[in-house]
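Position 1 is the first residue of the sequence; numbering continues from there.
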Amino acid sequence: MKFFHLSDLHIGKQLHRYNLKEDQQVILKEVIAYAKELRPDAIVIAGDIYDKSVPSAEAVTIFDEFLTELSEITPVIPILIISGNHDSPDRLNYASEILRRHHIYLVGNVPEQPEEHIEKVTLQDTYGEVDFYLLPFMKPGYVRNVFVNNVPETYADAVREIIKREKIDYNNKRNVLVSHQFYVGEKEGSPETCDSEVFSVGGIDNVDIGAVKEFDYVALGHLHGAQYVSRPKIRYCGTLLKYSVSENTQTKSLTVVTLKEKGEKPEIACYPLHPLRDVRKKKGTLEEIIKEAGEEEKEDYISITLTDEIDPYKPKEQLERVFSHILEIRVDNQRTRTKLKEMDEELVMKDPFTSFCEFYKEMQGREMNTQEETIMKEIFDNVKGVE
């Protein structure tokens, strides 16, 4: 059983002020070309189809064209899709029954009632059946009504309990989970993240892999860098394109998974992708950057850091004559470093009571009176455990 593992298409996304429509169309065309060449048995898309929960008409059109071209390939390639945290489950579910007739299985919602279960799609190869479990992005509150007693309170509990209900045969059948969550390893900790990914404070959305490690393969979405969690079969495929400057060193590729006989490790291959434009970081003096600019990078998305100690003449205008897609221009020299150091030194950590007094004055337009100060001091003393 050979299938493509995709995720985080983020159709409709902008990189700084640049519309990525053309970039996304080019990279999706390359995926279609690979599908025609490699003839996978399925294509899995593990969430974040769109960049916004209410995608633009342009974004919907791009995805529609992508699905249409894939569905026209013969023999038919089943396409399995779940929603991610950027998607609107209900919007993504639209016309799902019609799409199913064309072997496009689109699941936006997790089980929300006791009689509902994780959507399962069973495909067949020479070794028998492979069960794909499609589990969209979920929060504990989404599955509250599924459990009459012992309602899950954490993300990890919610994922574990919702999977446990399926009574999956891990011993005899090959099972693939498609999921969009922030999974962490049992020992090595959290996977690598980048600036374009936002996670909850304190790691409350973490899900340990204990809930999914019995699957033969776990196709994950959510992180933009391709990587596995604890073991190669639990894998983030990463994005097809670079969606932030912090991703400039990442190598984007198409992940192709081949499941063999039960008990054998899956074979994972990465096929190169050729984006319309790359994302690069360049650092140096204005003269160095202009002089060393290669023809192949002048059309790329560029983040520039200037190190000139003396401000050059109209740097932005000079750079724009060379590079057509400048994302940002930063300055890093002795003067800016000294200024930042002085700002750090000026930052004084005030005690909570003083900070509250300043906040109160700003909000109320007056100082606290003696009685109010006494009440607040008692509250802060109680919090600190002072008798």
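Residues Leu286 and Gln318 form a side-chain contact, since some pair of their non-hydrogen atoms from C-beta on lies under 4.5 Å apart. The side-chain heavy atoms of Arg235 and Leu220, taken from C-beta on, include no pair separated by under 4.5 Å. Asn19 has its side chain within reach of Glu58: a pair of non-hydrogen atoms, C-beta onward, lies under 4.5 Å apart. Residues Asp157 and Pro140 have side chains not in contact (no heavy-atom distance under 4.5 Å, counting atoms from C-beta outward). Two residues are said to be in side-chain contact when any heavy atoms from C-beta on lie closer than 4.5 Å; Tyr217 and Leu259 meet this criterion. Considering only heavy atoms from C-beta on, Asp8 comes within 4.5 Å of His10 through its side chain. Inter-residue side-chain proximity for Tyr170 and Asn175 is flagged as met; some heavy-atom pair is nearer than 4.5 Å. Put simply, the side chain of Leu273 reaches to within 4.5 Å of the side chain of Tyr34, judged on heavy atoms.
Taking the charged nitrogens against the carboxylate oxygens, Lys233 and Asp216 have no contact shorter than 4.0 Å, which rules out a salt bridge. Using a 4.0 Å cut-off between a side-chain N of Lys or Arg and a carboxylate O of Asp or Glu, Lys282 and Glu292 do not qualify as a salt bridge. Ion pairing between Lys262 and Glu264 fails under the 4.0 Å rule for side-chain N and carboxylate O. With respect to Lys164 and Glu161, a salt bridge is recorded, a charged nitrogen being found less than 4.0 Å from a carboxylate O. The pair Glu247-Lys252 counts as a salt bridge, with a side-chain nitrogen and a carboxylate oxygen less than 4.0 angstrom apart. A salt bridge links Lys173 with Glu129: the closest approach of a Lys/Arg side-chain nitrogen to an acidic carboxylate oxygen falls below 4.0 angstrom. Using a cutoff of 4.0 Å between basic side-chain nitrogens and carboxylate oxygens, Asp131 and Arg174 are not scored as salt-bridged.
Around OH of Tyr271, the count of heavy atoms belonging to other residues, nucleotides or ligands within 6.0 Å does not exceed 12. Applying the 6.0 Å contact sphere to CZ of Arg330 captures no more than 12 heavy atoms from other residues, nucleotides or ligands. At most 12 heavy atoms of other shown residues, nucleotides or ligands fall within 6.0 angstrom of atom NZ in Lys29. For Lys139, the NZ atom sits in a loose shell: 12 or fewer heavy atoms of surrounding residues, nucleotides or ligands are nearer than 6.0 Å. For Gln113, the CD atom is densely surrounded, since the number of other residues' heavy atoms within 6.0 Å is greater than 12. Shown here is Glu153, whose CD atom has no more than 12 heavy atoms of other residues, nucleotides or ligands within 6.0 Å. More than 12 heavy-atom neighbours from other residues, nucleotides or ligands sit within 6.0 angstrom of CD1 on Ile375.
A donor-acceptor pair under 3.5 Å is formed between the side chain of Thr239 and the backbone N or O of Leu241. Of the possible polar contacts, none joining the Tyr236 side chain to the Ser7 backbone as a donor-acceptor pair under 3.5 Å is found. The main-chain N or O of Tyr228 is never found under 3.5 Å from a side-chain atom of Arg231 such that the two would form a donor-acceptor pair. In this structure a side-chain-to-backbone donor-acceptor pair under 3.5 Å is missing from Glu378 to Met376. Between the side chain of Glu297 and the backbone N or O of Gly294 there is at least one donor-acceptor pair closer than 3.5 Å. Between the side chain of Arg165 and the backbone N or O of Pro114 there is at least one donor-acceptor pair closer than 3.5 Å. Between the side chain of Tyr105 and the main chain of Leu99, no donor-acceptor pair closer than 3.5 Å is present. The backbone N or O of Thr285 lies less than 3.5 Å from a partner atom in the side chain of Thr307, making a donor-acceptor pair. A donor-acceptor pair is defined here as one N or O able to donate and one able to accept, closer than 3.5 Å; no such pair exists between the side chain of Gln181 and the backbone of Asp205.
Between His222 and Phe137, the ring-plane angle classifies as tilted under the 30° and 60° cut-offs.
Atom-to-atom distance recorded for Leu106:CG and Ile45:CD1 is 8.5 Å, nearest 0.5 angstrom. Distance check: Asp308 CG to Glu288 CD gives 8.0 Å after rounding to the nearest 0.5 Å. The distance from the OG atom of Ser96 to the CD1 atom of Ile104 is 11.0 Å, given to the nearest 0.5 Å. Here the CG-CZ distance, from Leu15 to Arg277, works out to 10.5 Å after rounding to the nearest 0.5 Å.
With hydrogens and angles left out, the side-chain atoms of Asp64 and Thr61 include no donor and acceptor closer than 3.5 Å. His16 and Glu328 form no side-chain donor-acceptor contact under 3.5 Å, judged by distance and modelled atom types alone. A side-chain N or O of Asp23 and one of Tyr301 form a donor-acceptor pair less than 3.5 Å apart. In summary, the side chains of Asp169 and Asn172 do present a donor paired with an acceptor at a separation below 3.5 Å, with no hydrogens or angles considered. Residues His325 and Asp300 bring no donor and acceptor atom of their side chains to less than 3.5 Å of each other.
When every heavy atom of Asp125 is checked against every heavy atom of Met1, the shortest pair comes out as OD2-N, 3.0 Å. Looking at every heavy atom in both residues, Ala59 comes nearest to Pro55 through CB-CB, 4.2 Å. Taking each heavy atom of Val178 and Ile82 in turn, the nearest pair found is O-CD1, 3.7 Å. The two residues Ser83 and His180 have their closest heavy-atom pair at O-CB, 4.1 Å. Nearest heavy-atom pair across Val110 and Glu116 is O-OE1, 4.2 Å. Heavy-atom minimum distance, His117 versus Pro111: C-CG, 3.4 Å.
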(request) Show the numbers, then the answer: is there a ring pair (Phe, Tyr, Trp, His ring centres under 6.0 Å) between Phe3 and Phe132? (result) CA-CA 11 Å; Phe3 60 90; Phe132 288 80; 5.4 Å; yes
(request) List the steps, then state whether salt bridge (Lys or Arg N to Asp or Glu O under 4.0 Å) holds for Lys213 with Asp208. (result) CA-CA 9 Å; Lys213 64 183 181 181; Asp208 68 83; over 6 Å; no
(message) Quick one, Glu372 with Tyr360, criterion side chain to side chain donor-acceptor pair (under 3.5 Å). Give me CA distance, side-chain angles, the key distance, then yes/no.
(response) CA-CA 11 Å; Glu372 290 168 337; Tyr360 184 92; 3.2 Å; yes
